[in-house]
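To start, the structure itself, in structure tokens.
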Protein chains: 2
Amino acid sequence: MPNQHTIAAWTALVTANRRVLETIERALKTAGLPQLSWYDALLELEKAGPSGIRPFALKERLLLPQYSLSRLLDRLEAAQLIDRHEAADDGRGQIVHLTELGLRTRQKMWPVYAETLLHCVEDRLSPNEAAELARLLAKLADAPS
Amino acid sequence: MPNQHTIAAWTALVTANRRVLETIERALKTAGLPQLSWYDALLELEKAGPSGIRPFALKERLLLPQYSLSRLLDRLEAAQLIDRHEAADDGRGQIVHLTELGLRTRQKMWPVYAETLLHCVEDRLSPNEAAELARLLAKLADAPS
DNA sequence: CCAATATACATGCAATTGCATTTACATTGG
DNA sequence: CCAATGTAAATGCAATTGCATGTATATTGG
């Protein structure tokens with residue numbers, strides 16, 4: 001049976017996550033921008049640089065189920081934010097690249113996202129508290145053993 | 001622009017939340033039990049006691065959108081875990097009660113849920129760390145201003 | 001070489017979610 | 001009293017998610 005602190009921590013984790021996420025999604029929608037999941041994908045694509053990235057690798061970075069990424073890429077491609085080509089060295093796979101429009105879209109999303117983080121996180125925690133929070137949460141984020 | 005600690009905290013929050021949630025949902029599904037959202041609702045219904053609770057109040061406790069709760073209650077009712085009656089004093093509303101089966105279902109879910117929390121949270125944090133985590137997260141959980 | 005197995009990705013279908021709107025009753029100000 | 005407004009809850013419809021499975025290529029053990 002978990003002790004009371006464990007339960008309090010987990011409850012607070014769920015609540016905080018919902019509250020912040022909700023606020024971010026609402027801000028993005030209000031600004032006429034895509035969902036946060038698009039941002040995450042676009043950012044990873046940008047980090048991957050001009051060589052692009054394979055979906056199976058992207059899936060690891062984004063912690064998404066395979067089918068979920070497959071469909072996210074469908075939507076990003078339909079919106080012309082990414083390109084998909086066959087992988088030269090693996091007939092099963094493909095390589096995904098960010099388009100110019102994809103880059104610009106992420107850049108337009110960032111100020112809205114950032115503003116919400118300031119409001120919902122930075123204004124509420126000192127730098128030390130934020131660092132401590134990150135440290136504690138990292139302990140929970142490792143792959144389940 | 002958020003500082004690096006803010007970003008680290010937010011990223012870790014999202015990741016930790018996903019990892020733990022995923023583990024809980026998988027454990028429940030493997031045990032042939034309903035989703036975590038059902039647990040939360042059943043628990044609140046249990047807390048409400050024999051007088052039951054109005055959906056609009058339940059929605060505040062569960063932090064769910066109105067339509068989302070309405071449909072969750074549809075499913076719980078179809079599974080005979082709750083009863084819904086018209087509210088005696090408000091013709092627009094209803095009162096929701098837990099059934100015997102609803103109570104037993106929550107009781108069957110708890111060991112599975114608890115075991116996952118032990119594994120994913122309690123084993124990874126000292127009691128002091130858990131308490132500190134809860135304290136920090138609570139600062140993020142207040143209604144957005 | 002090749003059968004067995006593993007990996008990469010897609011997809012049909014059912015369940016769930018989100019959004020906007022609707023229905024019904026309640027409350028309030030004139 | 002009653003029109004206007006507010007609140008409780010449901011619902012049509014489109015989008016998203018989850019699950020199971022399918023298709024295609026790659027790898028590996030004998």
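Below, chains carry the letters A, B, ... as their sequence lines are ordered, and counting in each starts from 1. Owing to the predicted nature of the structure, the values given are computational and were not obtained by experimental measurement.
A salt bridge links A:K139 to B:E129: one of the charged nitrogens lies within less than 4.0 Å of a carboxylate oxygen.
The side chain to side chain contact (heavy atoms under 4.5 Å, CB included) check on B:L63 picks up A:T15, A:R18, A:R19, with sequence neighbours excluded.
Taking atom CG of A:L72 as the reference point, atom P of D:dA15 lies 16 Å away to the nearest angstrom. Atom CZ in A:R26 sits roughly 14 Å away from atom C1' in C:dG18 (whole-Å rounding). In this structure, the CG atom of A:L28 is 15 Å from the P atom of C:dG18, given to the nearest Å. B:R75 places its CZ atom 17 Å from the P atom of C:dA14, with the value rounded to the nearest Å. Taking atom CG of residue A:D89 and atom C1' of nucleotide C:dT7, one finds them 14 Å apart after rounding to whole Å. The nearest whole Å value for the distance from the CZ atom in A:R18 to the C1' atom in C:dT17 is 13 Å.
Between A:T23 and A:R26, some side-chain heavy-atom pair lies under the 4.5 Å cut-off.
For C:dC19, the OP1/OP2 oxygens have a side-chain nitrogen or oxygen of A:K29 closer than 4.0 Å.
Just one residue in the list A:L33, A:D40, A:L98, A:L42 forms a side chain to side chain contact (heavy atoms under 4.5 Å, CB included) with A:R106, and that residue is A:L42. Shown are A:V96, A:L72, A:L64; of these, the side chain to side chain contact (heavy atoms under 4.5 Å, CB included) with A:P55 is made only by A:V96.
Distance check, rounded to the nearest 0.5 Å: CD1 of B:I82 to CD of B:E77 gives 5.5 Å. How far CG of B:L140 is from CG of A:D123: 11.0 Å, rounded to the nearest 0.5 Å.
A:E25 places a side-chain N or O within donor-acceptor distance of the main-chain N or O of A:L36, the cut-off being under 3.5 Å.
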What string of B, S and - do you get for nucleotides 2-11 of chain D, 5' to 3', if B is base contact, S is sugar-phosphate-only contact and - is no contact with any protein heavy atom under 4.0 Å? ----BBSBBB

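Across residues 35-51 of chain A, not one residue has a non-hydrogen atom less than 4.0 Å from an atom of DNA chain C.
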